[in-house]
Number of protein chains: 2
Amino acid sequence: MTSDATLRPVSAAEVTRWDHEADVVIAGYGVAGAAAAVEAARAGADVLVLERTGSWGGAAAMAGGFIYLGGGTELQKACGFDDSVENMAAYLNAAMGPGADSDRIADYCVGSVAHFDWLVSAGVPFKAEFFGEPGWEPMGDQGLMYSGGENSYPFNTIAIPAPRGHVPQMSEKKQGEASAGYMLMKPLVDTATAAGAKAIYDVRLQGLVVESDGRVSGVTAKQYGADVTIRARRGVVLATGSFAYNDTMVAAYAPRIAGRPAASIEQHDGIGIRLAQALGADLAHMDATEVAIFADPQQLVRGILVNSRGQRYVAEDTYPGRIGQLTLYHQDNTAYLIIDGDAQDEAMASLSPQLMLRPPTWVCDTVAQLEAEMGLPEGSLQATVAAFNAGVERGEDPLLHKKQQWLRPIGSPVGAIDLRESTGGFTLGGLRTTLDGEVLHVSGEPIPGLFAAGRSAAGLAAWGYASGISLGDGSFYGRRAGRRAASGR
Amino acid sequence: MTSDATLRPVSAAEVTRWDHEADVVIAGYGVAGAAAAVEAARAGADVLVLERTGSWGGAAAMAGGFIYLGGGTELQKACGFDDSVENMAAYLNAAMGPGADSDRIADYCVGSVAHFDWLVSAGVPFKAEFFGEPGWEPMGDQGLMYSGGENSYPFNTIAIPAPRGHVPQMSEKKQGEASAGYMLMKPLVDTATAAGAKAIYDVRLQGLVVESDGRVSGVTAKQYGADVTIRARRGVVLATGSFAYNDTMVAAYAPRIAGRPAASIEQHDGIGIRLAQALGADLAHMDATEVAIFADPQQLVRGILVNSRGQRYVAEDTYPGRIGQLTLYHQDNTAYLIIDGDAQDEAMASLSPQLMLRPPTWVCDTVAQLEAEMGLPEGSLQATVAAFNAGVERGEDPLLHKKQQWLRPIGSPVGAIDLRESTGGFTLGGLRTTLDGEVLHVSGEPIPGLFAAGRSAAGLAAWGYASGISLGDGSFYGRRAGRRAASGR
């Protein structure tokens with residue numbers, strides 16, 4: 001938050017001149033802002049995007065680029081996967097909760113195939129190839145991947161698994177180079193520009209201008225240190241991102257992620273949320289966060305994860321973000337990956353970048369020694385490994401249902417990777433909006449002229465997460481907000 | 001929420017007449033409102049309390065009556081317990097988090113002894129007798145009890161244990177009769193009345209009246225269906241309770257407690273929080289809830305609690321509210337109490353009311369049979385019981401450190417009590433306030449003329465809880481809010 005922002009609404013009567021004017025003013029040029037710009041401009045509105053940094057992109061351009069889509073997209077079909085709206089909704093209702101908004105999920109799933117087509121028509125490239133290895137992202141330029149544990153327990157018992165992580169193709173993907181998120185953002189911004197949207201940069205949002213009847217009619221901002229006013233004839237769309245970098249908000253709303261922001265950008269200081277709150281806007285799911293665990297999935301699937309009591313708590317072959325959430329929130333941010341020598345060797349020989357793979361913190365000949373070395377309760381890890389190995393011998397994992405392909409007995413030497421305090425993430429909560437992106441007042445009525453999308457708004461996730469949800473609902477509801485704002489209703 | 005409340009601020013210019021006037025107007029006559037009324041009246045202010053129901057009392061009058069106090073109160077000393085401010089703060093910082101506000105905790109602990117003396121001087125009676133049995137409340141009229149697991153793991157390793165649950169004495173306590181909370185409220189209301197505070201009933205808060213400079217100067221309300229306006233010359237104190245009965249707020253902020261409100265009253269519909277939000281007030285810890293598990297502590301301490309994987313996860317002799325929180329939030333609301341025949345017989349012969357004690361859902365000769373009967377993963381419960389019994393033989397519980405006095409091997413016949421979906425509770429989050437009870441705007445500045453205390457404000461708890469925290473911080477910060485409002489600053 002800028003130190004000089006009071007956040008208080010600016011009365012329109014106080015504004016003596018408008019430095020800029022447009023029908024639709026969009027704050028933030030990340031994925032939600034770009035999608036809103038495209039649709040508002042295509043609807044015939046004069047669109048101006050205000051971006052705080054020197055360039056478009058936002059957190060999206062630096063992201064892995066997953067867009068969570070399904071229900072039978074062309075890409076899913078081309079890769080040989082069946083999916084349906086019902087299947088997708090069943091998965092999301094289970095995986096985005098507890099407490100997920102089933103109406104929003106239904107709406108998103110119904111529109112998902114068309115949204116994929118829209119992205120393609122906007123020039124976002126997808127390669128029709130499935131990536132099936134464990135990993136956070138495809139290792140190459142493959143376009144489709146499981147990104148939420150759909151094919152793992154418990155979700156594979158709730159809905160028929162289908163991969164829904166749609167990844168824009170980079171022409172020459174090399175490790176450490178520009179992310180697939182860039183390949184999402186570049187075409188969207190080009191499309192917005194071609195449709196007539198304009199943008200100005202280094203513009204830092206300061207206030208919302210409000211008419212005497214409560215309608216939002218513009219914003220105040222700073223550009224290169226000077227005060228500027230921007231009139232919005234039809235509406236203002238807040239697309240300013242999350243509050244992951246606002247320490248006060250994190251302490252009040254999501255204290256467990258405090259001190260561990262990840263996969264976010266420092267501009268995510270909650271300014272859009274704060275300005276709308278000052279108008280009486282309601283919030284939702286402010287405690288929800290994405291949580292990554294800083295461990296390579298090629299190792300995770302080959303070991304067993306235990307908590308401070310030496311107990312297993314999650315199928316190791318599920319979405320690693322789910323492992324992160326369960327570890328941070330349910331296991332006091334304490335996890336250890338138990339992995340034997342052969343499994344560690346196999347992981348080291350996998351596709352994963354060597355620098356992501358971690359050496360064991362402890363290595364012993366026996367589980368009893370390892371348990372003592374790690375300071376776990378006497379007998380706890382021994383019982384866990386014995387039970388796991390006994391199940392493997394029967395060809396099953398009765399406790400957590402890890403898939404058969406990953407079931408190998410844990411042998412000797414046996415190591416453990418210390419994953420205590422090894423999580424980080426970003427916030428998912430924000431403004432409560434209608435399915436048209438209208439910001440809701442605490443009275444339950446929309447605030448006239450004010451819209452929000454992306455991580456400044458609460459989206460699909462109430463607690464859980466899958467990679468691609470933020471770029472997915474950000475672009476989907478960004479479009480809706482742009483269209484609705486352009487309508488001037 | 002009343003259906004006709006728009007929640008929007010009422011401009012003072014629109015108010016054509018004031019039906020009532022006072023220096024300090026307090027909305028809600030529960031514990032926070034009563035404490036505010038006493039202090040504001042004693043500070044010389046003309047005080048008017050608006051109560052929505054037909055009588056004072058609020059949730060407090062129906063509560064168990066615990067007030068969480070310590071640091072060496074006269075009652076603690078009289079019962080032979082040492083305590084210190086540092087000890088109390090160390091416990092609360094651990095038990096009220098993660099994410100508890102250490103500044104507020106320090107402030108509360110420093111003032112705790114004086115607050116006890118103030119309650120006594122206001123006429124609240126405490127009997128200098130300690131109750132040491134497992135239970136939710138004392139079985140008789142004892143005045144002091146452990147109420148937050150202070151003497152159990154892990155808190156007994158973090159701070160020197162001291163009981164801090166201070167319970168007002170009922171002259172003739174009988175089961176099912178008026179609660180100790182009544183014995184807190186009656187003297188407080190009498191004291192407020194004696195100090196000059198007035199109250200009107202059946203007054204339902206509708207709106208906050210705001211001057212052109214942003215100062216809150218009154219409220220609008222309905223009384224017997226008619227609109228009334230009440231001017232507050234110095235300040236308005238919101239003491240309207242939690243949002244446990246506002247389904248929209250619960251869905252957005254604390255979805256896991258949805259459908260299971262307990263130990264709350266229907267008037268707790270979040271109206272005070274909503275009205276302040278409409279002025280741009282900030283919130284905190286909206287996801288935090290108290291959670292009770294519907295099981296008798298006399299049974300809990302004599303069994304072992306396991307989750308859906310047959311694993312233990314909490315010391316069974318800790319505060320049962322902590323067991324509730326860990327069960328609902330970390331174990332998917334699934335728990336089973338494994339208890340053998342002897343232990344069950346002992347519990348049935350305990351002080352607890354027979355109707356609170358539950359028969360086992362399943363009973364078998366062996367743990368293996370029980371495990372199969374319950375549908376737990378093969379070998380899981382057997383390993384857990386074997387490890388527990390092996391520890392007991394060595395005289396320890398290495399996994400969870402249940403106290404020695406409760407360590408008995410689990411024998412045959414062995415039963416299990418089904419505690420799935422057996423939790424309920426109330427919300428703890430609310431308005432963000434200063435230590436003087438001033439309601440904070442999202443800008444970080446107080447909203448002039450607006451104060452809050454009790455469960456309409458975020459208090460000591462960010463996640464954890466101990467019985468007595470709500471009546472404790474409600475009365476403590478109610479007093480502060482009353483004094484500050486009376487000062488007219």
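Note on naming: letters A, B, ... go to the chains in the order of the sequence lines (proteins, then strands), and numbering restarts at 1 for each one.
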Item to check | CG/A/N93: more than 12 non-hydrogen atoms of other groups inside 6.0 Å | outcome: yes
Checklist entry - Is there a donor-acceptor contact under 3.5 Å from the side chain of A/H330 to the main chain of B/Y329? => result yes
Next on the checklist: Heavy atom to heavy atom, less than 4.5 Å: which residues from residues 386-394 of chain A reach chain B?
Outcome noted: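 Contacts with chain B: A/R394.
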Item to check | A/L400, part contacting chain B, at a heavy-atom distance under 4.5 Å | outcome: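 Just the side chain, heavy atoms under 4.5 Å.
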Could you tell me which non-hydrogen atom of [X] sits nearest to which non-hydrogen atom of [Y], and how far apart they are?
X      : Y      : value
B/D287 : A/Y253 : OD1-O, 4.2 Å
B/S443 : A/T6   : CB-O, 3.1 Å
A/P255 : B/G99  : CB-CA, 3.6 Å
A/P377 : B/P398 : CB-O, 3.6 Å
A/A281 : B/Q277 : O-NE2, 4.3 Å
A/L283 : B/A252 : O-CB, 3.7 Å

What part of [X] lies closer than 4.5 angstrom to a heavy atom of chain A: side chain, backbone, both or neither?
X      : answer
B/R309 : both
B/A251 : backbone
B/H441 : side chain
B/E396 : side chain
B/D282 : both

Next on the checklist: Does any part of the side chain of A/L399, heavy atoms only, come nearer than 4.5 Å to the side chain of B/Q311, both counted from C-beta?
Outcome noted: yes
Checklist entry - In Å, rounded to the nearest 0.5 Å, how long is the span from CZ of A/R312 to OG of B/S380? => result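 Result: 12.0 Å between the selected atoms.
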Checklist entry - From A/L279 CG over to B/L279 CG, what is the distance, rounded to the nearest 0.5 angstrom? => result 11.5 Å
